[in-house]
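Read the structure below first, then the notes.
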Amino acid sequence: MNDKKPYLVDAVIGNSRMLATLGRTGKMYRLWWPNIDTPQHVDAMRVGIQLEGSNVDWFDEQNNGWNHEINYANRSNVLHINATNESQGLTVNSRHFAVPSTDLLVREYAFVNTSGVSKQFSFVVHSSFVICENGLYNTTMFNNLADSLIHFRHEYFFGVSSAIVCAKYQAGISWEDAQSGQFNGGNIDMRPDGALSYEITVAAGETVIVPIYVAAGNNEEEVVDLLEKARKKTSEQWADETNAYWNQYVNNAIPCPVEDEEIKDLYERSILMFKLMSDEKTGTIIAAPEFDETYSRCGGYSYCWGRDAAFITTALDKVGLKDLTDAFYDWTLSAQSSDGSWQQRHYHDGQLAPSWGLQIDEGASIIWGMWQHYLVNEDREFAARVWPAVSKGAQFLESFIDPATGLPKPSIDLWEEREASHTYSSAAVYGGLTAAAGFAELAGESLLKDQWNTTAAGIQAGIETYCFNHELRSFYRGVDLKVSDYKYNADTANGAEGYIVDLDKGYQKHVLKHDPIVDISLLGISVPFNAVATKSDRMRSTADAIEKRLTVEGVGGIKRYEDDNYIGGNPWILTTLWLAHYRFANGEASSARQLMQWALDHRTETGLLPEQVDKNTGETAWVVPLTWSHAMFILAVFMLAESN
């Protein structure tokens, strides 16, 4: 197995039932099917050429004489990669895409002979499928009739083949052993990898196209049939059909409301990316394609967070992708816990994913997002469909209120790092309860409407009463912050207020009364949840404190909070755009536009928005693409349009 997969990828391809990530050289690192979050099946897929008397030259490796360029086709999720080796007089132009509504990946390689002499070489494809990310029980075999390698484990089968007939093959050969290009014709092996070799002749100045098809199915027959279907069209026809599909998808969305080509490009790329991050079969929306399967540096990203999704679905409605939003909120009905809560994060099937504990803003955000969706579409059938879940969810939120303060009890914060009664979370619950009150009115439940509005008003008052730091002129990040006994003793010795709670079995919890750290999420109490007026003095001074304390010197951009050290404490795209949202809402369009430009300037080479930008170099630092980043950009675009 490949134990050194990169955290950062350069591109994603897919069709909402398959999802794959690739590097800028074209090497495939991961492939998810039949859902976009799990299971993942690929260790790596590599391609190379072999001249007579030489080892295989893997042209999707870095620093081996090949220069690469990568980009998406205009208004499409078809990926183009050009690899050029001037010393060999050879260019390989490749296209990579998933065929819409089909469990088929197409990887088309066009070999261009730029030299003055004919070239003969072997085109080698090495595929390693560690199915379900499990190194055990994999089998690789060669199907002679289909001229295909078949990788399988349990009910997952993958076929790798071409439109031309291979010259050599071997089931069960590692990439290291494949360097020689000598394949023994082994037909079956209980190992996860295999290789195919095709004999290619390209005349001087000519081009030869070789497609590689990757088909998925639940048994060998399904895979073989799909490969046969793939061969009935040329790869160019598949590419044309796929480009047409994506172009029509963009055409069906609301056009970019701003006359700016740079903004329009990212606007359309975001629309295309939203579709890839939405699971066709279940409706779930993932935060990002997974890149840290072993949790070596984080807790994973290929899950659905209700909070992220609430921002994302609001953006989806803005661009007219109502069906994706409908599908998502139908999915939330399967993910709700029996007590009415929605927990931290979930898999595509609604099952609870690995968790750090309750984040009260997650369920609140889902109810708030449902209401935003209703306000855009005014679909009474939708309102009736979600009402039982909204009612249960609102009752859970109400049960979670501390009667002494009117604020929600402590839970985990949106960054998943600390326990407190967080000001952002309180605002989210305010937003969730006011949204639930709106649904209650539609349902004719006037008593519930009044009850939830009253509770929400209590939260609003509690935020103003308990959560403002008069000394700093900024809202506290939270109150009742759980800390270690060491920090508690140190801070209380320096005058901080705190108390100790006795727990079961003799344990204790050390609590500081206030969390004074300035955090970008404090903007959420105004934008989007409106618990505090945008133009109030307190909100303005909080935003100013955020910009002053969280702007990263040199590279620019806004980091999450003052003492952030996650992946080095970098500026984030979504946090920078969050400040842009506030500036737009406060009538400061010029400042907001500058923050938007920073996000535009820090897209990846393929036009995707990452999570973080390196605080020293300005290069992409973490997570590509982050769906929430794209959503915050879309929301900023519409705020910009409204400000003009």
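Predicted model, so just to flag it, every value in this text is computed and none were measured. Atom set for the values below is all heavy atoms of this structure, side chains included, hydrogens, waters and symmetry mates excluded.
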Next on the checklist: Just verifying a value: how many Å separate Asp326 CG and Phe382 CZ, rounded to the nearest 0.5 Å?
Outcome noted: 6.5 Å
Checklist entry - Strictly under 6.0 Å, is that where the ring centroids of Phe529 and Tyr430 end up? => result no
Checklist entry - For Lys482, does the NZ atom sit with more than 12 other heavy atoms under 6.0 Å from it, leaving out its own atoms? => result no
Checklist entry - Are there more than 12 heavy atoms of other residues, nucleotides or ligands under 6.0 Å from atom CG of Leu447? => result no
Checklist entry - Side-chain contact, heavy-atom cut-off 4.5 Å: Thr604 with Pro610? => result yes
Checklist entry - Looking just at side-chain N and O atoms, do Asp413 and His422 make a donor-acceptor pair shorter than 3.5 Å? => result no
Next on the checklist: Just so I know, are the side chains of Leu512 and Thr492 near enough to count as touching, which here means a heavy-atom distance under 4.5 Å?
Outcome noted: yes
Next on the checklist: Quick check: Phe396 with Trp342 (ring centres under 6.0 Å apart)?
Outcome noted: no
Next on the checklist: Distance check, rounded to the nearest 0.5 Å: Gln508 atom CD versus His510 atom NE2?
Outcome noted: 5.0 Å
Checklist entry - Is a salt bridge present between Arg297 and Asp292, judged by a nitrogen-to-oxygen distance below 4.0 Å? => result no
Item to check | Pair His346 + Tyr303: ring centers closer than 6.0 Å | outcome: no
Checklist entry - Just checking, any donor-acceptor pair under 3.5 angstrom between side chains of Ser526 and Thr534? => result yes
Checklist entry - Taking side chain as C-beta onward, heavy atoms only, is His514 less than 4.5 Å from Asn469? => result no
Next on the checklist: Looking at Lys322, I'd like to know if its NZ atom is crowded, meaning that more than 12 non-hydrogen atoms belonging to other residues, nucleotides or ligands lie closer than 6.0 Å.
Outcome noted: yes
Checklist entry - Do Arg477's NZ or CZ and the ring of Tyr424 fall within the cation-pi criteria of under 6.0 Å and 45°? => result no
Checklist entry - Does the ring center of Tyr301 lie less than 6.0 Å from the ring center of Phe291? => result yes
Next on the checklist: I'd like to know if the side chain of Tyr561 pairs up with that of Glu417 as donor and acceptor (distance under 3.5 Å, no hydrogens or angles considered).
Outcome noted: yes
Checklist entry - Under 3.5 Å, is there a donor-acceptor pair linking the side chains of Asn586 and Glu588? => result yes
Item to check | Whether over 12 other heavy atoms sit under 6.0 Å from Lys275 NZ | outcome: yes
Checklist entry - Are there more than 12 heavy atoms of other residues, nucleotides or ligands under 6.0 Å from atom OH of Tyr507? => result no
Checklist entry - Any side-chain donor paired with an acceptor under 3.5 Å for Ser270 and His630? => result yes
Next on the checklist: I want to know whether Tyr267 and Phe633 have ring centres closer than 6.0 Å.
Outcome noted: no
Checklist entry - Has Arg560 got its NZ or CZ under 6.0 Å from the middle of the six-membered ring of Tyr566, at an angle within 45 degrees of the ring axis? => result no
Checklist entry - Is there a side-chain contact between Ser334 and Asp349, using heavy atoms and a 4.5 Å cut-off? => result no
Item to check | Donor-acceptor pair between His373 and Asp317 side chains, under 3.5 angstrom | outcome: yes
Next on the checklist: Is it true that Gln344 and Glu416 share a donor-acceptor pair across their side chains at a distance under 3.5 Å?
Outcome noted: yes
Checklist entry - In terms of side-chain heavy atoms, does Gln395 have a donor or acceptor partner in Ser391 at a distance below 3.5 Å? => result yes
Item to check | Close side-chain approach of Val479 and Leu407, heavy atoms under 4.5 Å | outcome: yes
Next on the checklist: Listing request: all salt bridge (charged side-chain N to carboxylate O under 4.0 Å, His left out) pairs with a residue in residues 384-399, at least two apart in sequence or in separate chains.
Outcome noted: Asp330-Arg385
Item to check | Gln343 atom CD: more than 12 heavy-atom contacts under 6.0 Å | outcome: yes
Item to check | Lys/Arg-Asp/Glu bridge criterion (N-O < 4.0 Å) met for Arg345, Glu362 | outcome: no
Next on the checklist: Using the ring pair (Phe, Tyr, Trp, His ring centres under 6.0 Å) definition, which of the options Trp387, Phe439, Tyr329 pairs with Trp371?
Outcome noted: Phe439
Next on the checklist: For a quick check under 3.5 Å, do Thr284 and Thr282 share a side-chain donor-acceptor pair by atom type?
Outcome noted: no
Checklist entry - Between Glu464 and Arg538, is there a salt bridge with N-O shorter than 4.0 Å? => result yes
Item to check | 4.5 Å side-chain heavy-atom contact, Ile360 and Leu397 | outcome: yes
Item to check | Spacing of OG1 belonging to Thr314 relative to CZ belonging to Phe638, to within rounding of 0.5 Å | outcome: 12.0 Å
Checklist entry - Under 6.0 Å between ring centres, would you say that holds for Phe311 and Trp578? => result yes
Next on the checklist: For the residue pair Trp415 / Asp519, report whether a side-chain donor-acceptor contact shorter than 3.5 Å exists.
Outcome noted: yes
Item to check | Spatial distance of atom CG (Leu352) from atom OG (Ser337) [nearest 0.5 Å] | outcome: 7.0 Å
Item to check | From CA spacing to verdict: side-chain contact (heavy atoms from CB on, under 4.5 Å), Thr405, Ser421 | outcome: CA-CA 10 Å; Thr405 62; Ser421 178; 5.9 Å; no
Checklist entry - Are a donor atom and an acceptor atom from the side chains of Asp614 and Asn570 found within less than 3.5 Å of each other? => result no
